[in-house]
Amino acid sequence: MNIQNVLETKVKEAVSTLFKAELPSVEFQPTRKDFEGDITIVVFPMLRVVKGNPVQIGNDIGAYLVAQVEEIIGFNVIKGFLNLVISDAYYLADFKTIDANTTFGHVAPDTANAVMVEYSSPNTNKPLHLGHIRNNLLGYSVAEILKASGKKVYKTQIINDRGIHICKSMLAWQKFGKGETPEGAGLKGDKLVGNYYVAFDKAYKEEVATLIANGTAKEVAEKEAPILVEAQQMLLKWEAGDEDVVALWKTMNQWVYAGFEVTYKNLGVDFDTLYYESDTYLLGKDVVAAGLEKGVFFKKEDGSVWIDLTDEGLDEKIVLRSDGTAVYMTQDIGTAIQRVKDHPDVSGMVYTVGNEQDYHFKVLFLILKKLGFSWSENLFHLSYGMVDLPSGKMKSREGTVVDADDLMQDMTTTAGEISQELGKLEDYSADEKQDLYKMIGLGALKYYILKVDPKKRILFNPEESVDFQGNTGPFIQYTYARIQSILRKADELKLNGFDGLKELHAKEKELIKQLQGYPETIQLAAANYSPALVANYTYDLVKEFNSFYQNVSILGEEDAAKKAFRVQLSKKVSDVIQSSFKLLGIEVPQRM
RNA sequence: GGUGGCAUAGCUCAGCUGGAUAGAGCACCUGCCUUCUAAGCAGGCGGUCCUAGGUUCGAAUCCUAGUGCCAUCACCA
């Protein structure tokens, strides 16, 4: 029983009885802290159907509600705002309901309709960096939030394991590598391969410079540099299935996968199903052929195939080259269809890809819609802003990237330094400490990134370390740890229940109100694909708890029922912290 | 140039379908550890919500125009 639903009915009833008017809807908002009351009804919108003085109308409705609704025990009207005071009994009863619900906030999954969430999808020619971290955290968290909101979810990624960029790393390794291996070099496989990608670029630039110095035009030099031509030939060999090239490709990709595996594990993300571009890059051509017959696409004189999207305010877009080879769009069409074939219960997909590809996905979704797939109605591009450095964009080839592994390590180290300064964990073993530092460091990093609206660009300054105080992951983890400390002590006290409790402290009431908002927050976050809403909700909850904690004695309370209630309230708060942080992929510690 | 996104305190960000005096954190300044963990709490300072119009009883929020930053508009990925 939701009090707001009851009130909505009763307010409409009041307006009907008192003013003989039909109210289409009632506008609620939480009462501001400066005024007395718990829920506020805005009177202004009613003036459309009820003529009169808003204050008088508010007073009449308030009196009606107090008389008719047991939970309403008082009211006041300020300007056009009707502030209702709700009884402690209601909040206590509602807390009991919430407390008894072990999956509070979560909705059981609708197994008939699944949604596939794609994220990460890296190229296999270089290590993951901070940009990938944002992508991974967002995709993972949105997947978890969708699950909690009642969706069946498949997490997936498409590994971009083929193409010219991969051949560049391979060729550079062949030329300069002298048989170097990750084991031999003591390097993570992705790092090693990334080094050769950089080496290729260096050699390429040198060749271009030499050509230009010898009188070749810049455009020509950039196209004809021997090492680039060689890489292109290697790609052709790969496509033709050349044994040596394919063997090298497999070897180097394995190195990269092993490296990624470590990074993903440290980041705490996972996938249910994987796609490889090398398997899917030929998909889509037959769909284009079929779409051509249906008239969705048209063919130009040179044989290339296009779609005309000018009616939608977009341009014409190519889907097949004149030589019959696929472009990225073709692959994406084919891959989407393949995914539904592989997972017939999928009725929607989420693509976690940076906002530089907004146009691409707009077109892709339109094409799939025009091709008539039912699930094309439920495609969403989880578009996010770039992570930039004070110096500008991160560029792998120029080495101006913040490496994912390094960053996680730095965060862990910083967490360790702060923790040691505070010196609260002297009895922890070295391993326990290390696990905790990692938990806190990653908590700081993940929260820092996820609390920001995905649409917004993030400016990351490596010089200024991510905060550990205020609106941060560690602050929330700390609150959780504090509650665990109380619960450990409370265990020994053998507390009884709090059935006899009649009254609430103002801070307790605020906490219950905050808890009540959790289910709605999950739904809202799912509808908006926004972990930031979960992060901000958790912060508000924790802030409220800390105020309670520092103003009200819990274990020191004499009244047994009050004490038991406060312990239980604290426990539920910590449960929700743990639950919401899980949606963000952040762990919570027993102590810190 | 066309299209899309963003613009709120010195800095980093909240602000739900339009509602009361626009909120947090960091930084700066005051208090609070013989009491459940001070990574905390209580308080202070700090705002032309990019600009100009419009809609409305009411606009940071919606509409229009403009400014700034970013992205995108390839038989590239």
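So that the names make sense, note that chain A is the first sequence line, chain B the second, and so on, each numbered from 1. What you see below is based on every heavy atom in this structure, not just the backbone, and it leaves out hydrogens, waters and symmetry mates.
Per the geometry, CG belonging to A:Asn355 stands 15 Å off P belonging to B:rG4, to the nearest Å. Between the OH atom of A:Tyr384 and the C1' atom of B:rG4 there is a distance of 17 Å, rounded to whole Å. One can place CG of A:Asp323 at 9 Å from P of B:rC76, the figure rounded to the nearest angstrom.
Within 3.5 Å, a donor on the side chain of A:Asn83 pairs with an acceptor on the base of B:rA20, or the reverse.
Here A:Arg32 reaches the OP1 or OP2 of B:rG23: one of its side-chain N or O atoms lies under 4.0 Å away. In terms of phosphate contacts, A:Arg321 brings a side-chain nitrogen or oxygen within less than 4.0 Å of OP1 or OP2 of B:rC76.
Using modelled atom types and a 3.5 Å distance limit, the side chains of A:Arg457 and A:Asn355 yield no donor-acceptor pair. Defined by atom type and a distance below 3.5 Å, a donor-acceptor pair is present between the side-chain atoms of A:Asp358 and A:Ser383.
Base contact: A:Lys424 has a heavy atom under 4.0 Å from a base atom. A:Ser322 comes within 4.0 angstrom of a base, heavy atoms only.
The closest side-chain heavy-atom distance from A:Ile57 to A:Phe19 is below 4.5 Å.
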Query - Intra- and inter-strand pairs of RNA chain B in dot-bracket (Watson-Crick or G-U wobble, both distances under 3.5 Å; | for another strand) - result: (((((((..((((.....[...)))).(((((.......))))).....(((((..]....))))))))))))....
**Report entry** Derivation of the side-chain hydrogen bond (donor to acceptor under 3.5 Å, both in side chains) call for A:Thr479 and A:Asn546
**Finding:** CA-CA 7 Å; A:Thr479 303; A:Asn546 277 319; 3.0 Å; yes
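With C1' as the reference atom, B:rA14 and B:rC49 are 13 Å apart, rounded to whole Å.
The aromatic ring of A:Phe44 stacks onto the base of B:rG19, its centre lying under 5.5 Å from the centre of the six-membered base ring with the two planes under 30° apart.
The stretch residues 448-460 of chain A comes close to RNA chain B through A:Val452, A:Asp453, A:Lys455, A:Lys456, A:Arg457, each having a heavy atom under 4.0 Å from the strand.
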